[in-house]
Protein chains: 2
Amino acid sequence: MKSALAALSALAQETRLAVFRYLVEAGPEGMTVGRIGEALGVPAATLSFHLKELSHAGLVSSRQESRFIWYSANYESMNGLIAYLTENCCRGQPEACGVGCAPQTKSSTASRKKVPA
Amino acid sequence: MKSALAALSALAQETRLAVFRYLVEAGPEGMTVGRIGEALGVPAATLSFHLKELSHAGLVSSRQESRFIWYSANYESMNGLIAYLTENCCRGQPEACGVGCAPQTKSSTASRKKVPA
DNA sequence: TCCATGTTTCCATGATTATGGAAACATGGG
DNA sequence: CCCATGTTTCCATAATCATGGAAACATGGA
């Protein structure tokens, strides 16, 4: 999955992971760029760079409201990532994988390739 | 979480993600380095580099068996990552997050910080 | 329109990461 | 022992990524 890789790449960076966590906590309304930067101690230019990365990976969205831009976490996209990882974790040996309750994706049980001997 | 970041970084790379997926499919016994490289078309030196990354992140383990080295996926560590992401996804607004069945981690409900207004 | 405030783009710099051939190292069979 | 086979380390190179100041751009209030 292409988007899973993109999401992983986006989150695999300390500042971006912190920003995303902050936005998840901020709830669906999200938070303005200024506040995020203030809360996390990230300079504007740097934050803008990371927000663009997150946005490009589809993990956050933004909306303009008067002079401010609000960024918010994209829960569906995070769900997609979790679903992808769950499948990757459990494929073939569900018992070895403690998750035990993968989200009901249509492809959860389909496409079970066998490893060539 | 430090290890979550390490796991994300390790998986956020096309070749490594492919290797991990391959190892998950290979099952608990895992697969030898040679076969992995052969199956995925990755040169030995490159593969060794990536296996070291995955291993360092705790996502795979290795054991020597005669002249071969078998690498296998570390399911618990993947579970840890999924649990971490699930918490990050659902914290505050479980309803917005379709996962609906987070693994029963002790910290699932604890540590719910509030975002400063 | 002019100004204050919020955000992004530009850009130069430094740091990290990926790649793969060649050589070194390890293991076990003969 | 010596050799074949499997794996890793070494190393140089190239590419990508992170950082943050300064300047540009956007928006809305006076």
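To find a chain, count down the sequence lines: A is the first, B the second, and so on, and within it residues start at 1. Any value given below was found using the heavy atoms of this structure, including those in side chains, with hydrogens, waters and symmetry copies removed.
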Separation of [X] atom [atom1] from [N] atom [atom2], in whole Å?
X     : N      : atom1 : atom2 : value
A/Q64 : D/dG28 : CD    : P     : 7 Å
A/L54 : D/dC17 : CG    : P     : 14 Å
B/R63 : D/dT7  : CZ    : P     : 12 Å
B/H56 : D/dT8  : NE2   : P     : 15 Å
A/E65 : C/dT7  : CD    : C1'   : 15 Å
B/L17 : C/dT17 : CG    : C1'   : 17 Å
B/F49 : C/dT19 : CZ    : P     : 8 Å
A/L47 : C/dG6  : CG    : P     : 14 Å

Phosphate OP1/OP2 of C/dT8: any A/Y71 side-chain N/O under 4.0 Å: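 Checking A/Y71 against C/dT8: at least one side-chain N or O falls below 4.0 Å of OP1 or OP2.
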Interatomic distance, B/L59 atom CG to B/L51 atom CG [nearest 0.5 angstrom]: 11.5 Å
Nearest-0.5 Å distance, OG of residue A/S61 to CD of residue A/E76: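 Going from the OG atom of A/S61 to the CD atom of A/E76 covers 7.5 Å.
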Which nucleotide in [options] has an atom nearest any side-chain atom of [X]:
X     : options               : answer
A/H50 : D/dT8, D/dT19, C/dT8  : D/dT19
A/T32 : C/dG28, C/dT9, C/dT7  : C/dT7
A/E53 : D/dT8, C/dT19, D/dA18 : D/dA18
A/Q13 : C/dA18, D/dT19, D/dT8 : D/dT19
A/A44 : C/dT19, D/dA18, C/dT8 : C/dT8
A/K52 : D/dT27, D/dT8, C/dT9  : C/dT9
B/R67 : D/dG6, C/dG21, C/dT9  : D/dG6
B/V33 : C/dG20, D/dT8, C/dT8  : D/dT8

Sugar-phosphate only, base, or nothing, as touched by A/S48 at under 4.0 Å among non-hydrogen atoms: base
Side-chain donor/acceptor of A/R16 to base of D/dA18, under 3.5 Å: no
Which residue lies more 5' along DNA chain D, comparing B/F68 with B/T46 via nearest heavy atoms: B/F68
Any donor-acceptor N/O pair, B/S77 side chain to B/G58 backbone, under 3.5 Å: yes
Main-chain N/O of B/A44 paired with B/S48 side-chain donor or acceptor, under 3.5 Å: no
More than 12 heavy atoms of other groups within 6.0 Å of A/E29 CD: no
